[in-house]
Amino acid sequence: MLESLVIVGAGQAAAQLIASLAQDGFAGSVTLVGDEPYLPYQRPPLSKKFLAGELAFDRLYVRPAAFYEKAGTRLMLGTTVGRIDRQDKTVVLADGSRLPYSTLVLATGSRARTIPLPGADREGVYFLRTIADVEALRAQFQPGKSLVVVGGGYIGLELAAVAAKQGLKVTVLEQAPRVMGRGVGPVVSRFYERLHREEGVDVRTGVAVCGIEPGHVVCTDGNHPADLILIGAGAVPNVELAQEAGLVVEDGITVDAQCRTSDPSIYAIGDCTVQHHALFDRRLRLESVHNALEQGRIAAAAITGKPAPALQVPWFWSDQYDVKLQMVGLSAGHDAAVVRGNPDEGRSFAVFYLRQGMLLAVDAVNRAPEFMMSKQLIAERAKLDPARLRDERVAVKELKG
Amino acid sequence: MAKITFEEPDGKLHTVDMAGGQSVMEGAVKAMVAGIDADCGGACSCATCMVYVAAEWEGKLPAKQSDEKQMLEFCPHVQPNSRLTCQIPVTDALDGLTVKIPPSQH
C-alpha cells in the first residue's frame, strides 16, 4: 500500500516539504490541511513590502496553485484540525471527519503572543501575523493618524518603519531596556533606536504598558495618544495538538535530527519545533524562514530515505527603512563582541560575536559581504583575530587571516 | 513575455515562458526550475537564486545595484558572470536569455 502523508499547517515549512518530497521522488499521497484560506505564503513581507503596498497579494505565495496540482497534493485549506488519534493514525478535523495517515507532519507554526492587558480586546488593537491581520491594519493606515506599537521587536519595528514612511505618527513602547533585545546585541539595539528616532519615530524603552483606554495607551511614563495600536509581543509555538496527542513537547514540539517527534510516524517542522543543533550543541526553537525551509528539506529526506542535507548555520534578516539587517549564527555564550565600522554614525557596520576567538554569530547592518563571509566562517568554526576584525583596512576576504 | 532558458548543472535545459511584473527568480520558482532555492523570497538577503549568465547577455541585463554586488562578493560558487535572479525583472527584452544554474546554492 502506498504511503499516505498528511501535513497539518500550510506555511513555508509545509510548502518546502511538498517541493522536496516531489524532488526526492516520494510516491505516496500528500494531503495539506491549513486553517487559513490561502495557499502557503511568505510571512516576512507582511510587515514590510506587503504592508507598504509594494508587493501584490499573489506574489506572497510560495508556489502557485499549479504546483500543488502537479505534485498531486490534496489541498484542504480553511480547515481546522481538532485532534490527532495516534492509536488509529488518524487526524480528526474540527467538523468530526477523519483523515487517516501513515505519516503525519506537524507544521503548525506559531501565533502572535497576546498580553493580558486591560483593554487589549478593544477595537483598534491589532496583531500582525496573517494576511487578514495586514488587511485589517492597512485599511487604517492613514497619514496623520497616531500609531502606538507595543513591543520593540522585529515585527513592531518593521511595521513602525512602514508607518513612519506613510506619514503616521509612530510611538514604540518597549518594556526592556533596549529594542530587539532577544535577537541582537546591545550595540545593534542602540543603532536601531537611533535609526527610528532619525526617521521621526518616538522610541521609548524601559516603559511598561498598563492598559489600553479609548484613544490612548496608558503607560508607566504617562498616556500615549493612539488611533491604532499594534501589539508585537513575539510568537508562541502552536504545540497544543501535539501536546494533547501525548507527544513530547518542551518550548516547542521536540524533534530529533531528522525532525521526528517522540512518535516515529509523526514529524514536526518549522516554528513549532525544538531541535538540537549540532553546531551550537544546544536545543533551539528557531522562528525563521530559513529554519522552516531547512526542516522541510530534512523531513523530506528522512521520509524518502535520502541522505540528510548538509547542516546550515541559522540566519535571519530584517528590513527597516533603507537598512538591511542580516544575522547569522547565535551569539549566546560569546565572550567578545567586536564592532567593525561605526554604529554611532551612518548606517553601515557589523558586530562579530566570538567565544575564545571562535566566531559564533554576526549582526550585519548594510554589510552583506561580512554576512556572506561569516556564514562560511561560522560553519567552519573559524578562529578570528579581533584586532583584524575591527580594522577596516583589512579587507573582508582577508579577515580569515 | 520572455522565453528564458535555464541550464541545469548536468546540462539539462528547462525553458520557461515568463510574464512581466515579476522577477526571473519568481518565474523560475513558479515553473519549478530545480536549483533556484530563493530562500528569502526576493529580499536580496540570501544569494540562493544565483545563476551564471551567458556571455552575450551580460551587457543586456539591468546593471547590478550595490545590494546585489555586495551579496555576490562572497556568494559560494560565484563567477564574474554571476547574477541574482531576484534582482532581474522580467521584460520583453529578456526573450531568449540563457542562464546556467550553479552546482549548489550553498
Side-chain angles (χ1 to χ4, degrees), chain A residues 12 15-16 19 22-23 41-45 48-49 55-56 58-67 70-71 288-294 297 309-313 315-319 322 324-328 348 364 366-377 379 395-397 399, chain B residues 8-10 12 14 16-50 64-79 82-87 89-90 101-106:
Chain A
Q12 286 200 251
Q16 182 61 49
Q23 250 162 33
Y41 62 88
Q42 308 172 57
R43 287 190 203 279
K48 310 179 185 84
K49 284 185 170 175
L55 195 71
D58 60 340
R59 293 179 76 183
L60 289 179
Y61 290 133
V62 179
R63 307 265 171 169
F67 162 79
K70 196 176 166 202
S288 73
V289 166
H290 177 244
N291 179 58
L293 302 179
E294 274 280 277
R297 291 173 189 135
L311 189 71
Q312 292 180 15
V313 183
W315 71 275
F316 317 85
W317 83 94
S318 175
D319 295 327
D322 57 350
K324 181 186 291 298
L325 170 63
Q326 293 164 300
M327 300 152 274
V328 57
S348 170
N366 282 339
R367 289 284 178 123
E370 278 85 343
F371 165 75
M372 290 297 289
M373 182 77 182
S374 302
K375 252 188 183 181
Q376 297 165 41
L377 295 179
V396 177
K397 65 170 180 287
L399 288 178
Chain B
E8 292 180 21
D10 63 1
K12 206 161 77 187
H14 195 145
V16 184
D17 280 314
M18 290 192 195
Q22 61 178 342
S23 65
V24 172
M25 176 279 285
E26 289 174 285
V29 168
K30 279 187 199 157
M32 289 163 256
V33 174
I36 302 287
D37 291 350
D39 285 359
C40 78
C44 200
S45 287
C46 69
T48 63
C49 63
M50 190 265 277
K64 288 174 213 165
Q65 302 293 304
S66 94
D67 268 15
E68 183 183 350
K69 274 188 210 159
Q70 289 199 21
M71 286 302 289
L72 281 171
E73 209 177 322
F74 294 99
C75 177
H77 315 286
V78 72
Q79 292 177 10
S82 287
R83 289 297 303 259
L84 298 179
T85 49
C86 72
Q87 299 302 303
V90 176
I101 293 172
S104 155
Q105 295 286 359
H106 298 286

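Throughout, a chain's letter reflects where its sequence line sits, starting with A, and its residues are numbered from 1.
Pairing each heavy atom of A:Val62 with each of B:Val29, the nearest pair is O-CG1, 3.6 Å. Minimum interatomic distance between B:Cys40 and A:Trp315 (heavy atoms only, all atoms of both residues): CB-CH2, 3.9 Å. Contact record, B:Ala43 with A:Trp317: CB-NE1, 3.7 Å, taken as the closest heavy-atom pair.
Of all the listed residues (B:Cys44, B:Ala34, B:Cys75), the one sharing the greatest number of non-hydrogen pairs under 4.5 Å with chain A is B:Cys44. Ranked by heavy-atom pairs under 4.5 Å with chain B, the first of A:Asp319, A:Val289, A:Val396 is A:Val396.
With a 4.5 Å cut-off on side-chain heavy atoms, B:Thr48 and A:His290 do not count as touching.
Between the side chain of A:Lys375 and the main chain of B:His106, no donor-acceptor pair closer than 3.5 Å is present.
A distance of 4.0 Å separates CZ of A:Arg59 from CD of B:Glu26, quoted to the nearest 0.5 Å. With rounding to the nearest 0.5 Å, the separation of CE in A:Met372 from CD in B:Gln70 is 11.5 Å. Taking OG from B:Ser45 and CZ from A:Phe316, the interatomic distance works out to 13.0 Å, rounded to the nearest 0.5 Å. Taking CG from A:Leu377 and CZ from B:Phe74, the interatomic distance works out to 9.5 Å, rounded to the nearest 0.5 Å.
For chain B, no part of A:Tyr61 is nearby; none of its heavy atoms comes within less than 4.5 Å. With a 4.5 angstrom heavy-atom cutoff, A:Pro369 touches chain B via backbone and side-chain atoms both.
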